[in-house]
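Just follow the structure's listing: the first ligand is 1, and inside any ligand the first atom is 1.
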Amino acid sequence: MPWRPMTAQDLAQAQILADTIHVDHPEEAEVFAERLRLYPQGCLALEGDGRLIGYALTHPWHFGKPPALNSLLGEIPHDATTYYVHDVALLPEARGRGYAAQIAEKLACHAKATGFGNLSLVAVNNSQGYWERLGFHTRSVPGLEEKLLSYGPDAVLMVRELAQALS
Ligand SMILES: CC(C)(COP(=O)(O)OP(=O)(O)OC[C@H]1O[C@@H](n2cnc3c(N)ncnc32)[C@H](O)[C@@H]1OP(=O)(O)O)[C@@H](O)C(=O)NCCC(=O)NCCS
């Protein structure tokens, strides 16, 4: 699988990808750097022909309280209640080959192994249908409407329950 752990050397290229892919959701370089520093296990790079063609940024968080876009986390909470998928983004030429589905499964395994009962994310760019195919469903959380709007008019909170790990 061409996914590998992200390193600090990937940050500049990841930022270029993000600026290209998420034109309506710009985030500062420090947002990427902080997530890599705080939770490197959840930051992955997709490489093709020696260059970055996608990335994933994920980390434990509070369920139903997605961080505002372009904001720093400060720290990973000790009482996290969800494994949060902040962003999965692939260049157009890397799409349609199952790479995103692969990383979603890898993240689900990691989340389960580290004790989480669900994955959650805010779907943007009309990606809701994509995440539904991967087992996510929308979840309405009272009071979250305004924050979701800041992600864009189509943004929805989605959750995928993870079956209990065998003990
Ligand atoms: C969303 C994204 C990560 C999916 O990557 P991908 O490589 O296309 O996904 P996969 O190869 O695993 O799956 C491809 C399948 O999903 C479908 N699909 C892709 N995007 C979709 C969408 N937005 N809605 C519904 N289905 C979608 C494809 O049609 C394809 O279907 P098929 O297998 O029947 O041909 C990618 O399109 C992307 O990077 N988009 C821009 C960034 C983004 O919006 N990220 C999500 C932020 S929440």
Side-chain angles (χ1 to χ4, degrees), residues 1-6 10-29 31-32 34-36 39 42-73 80 82-112 116 118-141 144-162:
M1 169 156 129
W3 288 97
R4 61 164 173 77
M6 186 182 276
D10 294 316
L11 286 171
Q13 273 199 67
Q15 180 80 42
I16 293 170
L17 258 60
D19 290 345
T20 310
I21 297 168
H22 288 303
V23 280
D24 295 329
H25 307 95
E27 292 195 299
E28 309 284 330
V31 170
F32 287 72
E34 192 213 32
R35 279 165 172 78
L36 181 60
Y39 201 73
C43 299
L44 296 124
L46 178 65
E47 201 170 293
D49 294 330
R51 68 187 181 107
L52 208 68
I53 54 173
Y55 66 84
L57 298 176
T58 67
H59 54 84
W61 199 244
H62 303 290
F63 181 76
K65 296 181 181 171
L69 266 183
N70 198 25
S71 68
L72 298 177
L73 301 178
T82 189
Y83 192 81
Y84 186 71
V85 179
H86 174 68
D87 193 9
V88 176
L90 274 56
L91 283 177
E93 61 264 34
R95 295 178 196 164
R97 300 188 206 165
Y99 293 144
Q102 279 174 14
I103 202 61
E105 285 316 304
K106 190 177 159 90
L107 292 167
C109 288
H110 171 71
K112 214 154 107 172
F116 290 95
N118 68 77
L119 293 181
S120 65
L121 55 82
V122 174
V124 297
N125 294 338
N126 295 311
S127 62
Q128 178 181 335
Y130 177 73
W131 296 112
E132 281 171 350
R133 291 171 55 144
L134 297 185
F136 288 79
H137 51 270
T138 57
R139 178 74 63 86
S140 170
V141 172
L144 194 59
E145 301 80 5
E146 198 175 326
K147 187 183 273 177
L148 285 177
L149 269 179
S150 73
Y151 279 77
D154 66 319
V156 281
L157 180 71
M158 301 191 77
V159 59
R160 173 177 160 182
E161 307 295 346
L162 300 171

Heavy atoms only: which of Y99, Y130, Y55 lies closest to atom 18 (N) of ligand 1? Y130
If the contact criterion is a heavy-atom separation under 4.0 Å, does V122 count as touching ligand 1? yes
Please check whether G129 reaches ligand 1 - meaning an N/O of the residue sits under 3.5 Å from an N/O of the ligand, judged on distance alone. no
Say whether Q102 and ligand 1 are in contact under the criterion: heavy-atom distance to a ligand atom below 4.0 Å. no
Using the ring of each side chain (for Trp, its six-membered ring), is H59 parallel, tilted or perpendicular to H86, with breaks at 30° and 60°? tilted
So which atom in I21 and which in L91 form the shortest heavy-atom distance, rounded to 0.1 Å? CD1-N, 3.8 Å
Could you check atom 39 (O) of ligand 1 against the protein and tell me its nearest heavy-atom contact, residue, atom and distance included? L90 N, 2.8 Å
Any protein heavy atom at under 4.0 Å, with atom 29 (O) of ligand 1 as the reference point? no
Under-4.0 Å protein heavy-atom contact, atom 35 (O) of ligand 1: no
If you measure every N/O of G98 against every N/O of ligand 1, is any gap under 3.5 Å? yes
I'd like to check whether I21 has a polar contact with ligand 1, where a contact means an N/O of the residue lying under 3.5 Å from an N/O of the ligand. no
Give the residue and atom name of whichever protein heavy atom lies nearest to atom 45 (N) of ligand 1, and the separation in Å to one decimal. V88 O, 2.8 Å
Atoms of ligand 1 close to W131 [distance to a heavy atom under 4.0 angstrom, numbered from 1]: 48 (S)
Return the residue, atom name and 0.1 Å-rounded distance of the protein heavy atom closest to atom 23 (N) of ligand 1. N126 O, 3.0 Å
Option nearest atom 37 (O) of ligand 1 (shortest heavy-atom distance, choices R95, H22, M158): R95
For A101, the ligand 1 atoms with a heavy-atom partner under 4.0 Å come out as 12 (O)
Ligand 1 contact on L121 by region, counting heavy-atom pairs under 4.0 Å: neither
Within the supplied structure, the quantity of interest is the number of heavy atoms (other residues, nucleotides, ligands) at a distance under 6.0 Å from K147 NZ; does it exceed 12? yes
Give the minimum heavy-atom separation between L157 and G64, together with the two atoms involved. CD2-CA, 4.0 Å
Considering only heavy atoms of A89, which atoms of ligand 1 have at least one such atom less than 4.0 Å away? 39 (O)
Provide, to 0.1 Å, the distance between atom 47 (C) of ligand 1 and the closest protein heavy atom, together with that atom's residue and name. V124 CG2, 3.8 Å
For S127, atoms of ligand 1 separated by under 4.0 Å from a heavy atom: 23 (N), 46 (C), 48 (S)
Within-4.5 Å side-chain heavy-atom neighbours: L107 and L44: yes
Lys/Arg-Asp/Glu bridge criterion (N-O < 4.0 Å) met for E105, K112: no
Top protein contact for atom 2 (C) of ligand 1, by heavy-atom distance: A100 CB, 4.4 Å
Tell me whether R133 has any N or O atom under 3.5 angstrom from an N or O of ligand 1. yes
Charged N to carboxylate O below 4.0 Å: is that the case for D87 and R35? no
Under 4.0 Å from one or more heavy atoms of N125, ligand 1 contributes atoms 42 (C), 43 (C), 44 (O)
For atom 6 (P) of ligand 1, what is the nearest protein heavy atom, given as residue, atom name and distance? G96 N, 3.5 Å
Qualifying residue, where the test is side-chain contact (heavy atoms from CB on, under 4.5 Å) with N118 and the options are R160, E161, R139: E161
Does only the side chain of R97 get under 4.0 Å from ligand 1, or the backbone, or both, or neither? Count heavy atoms. backbone
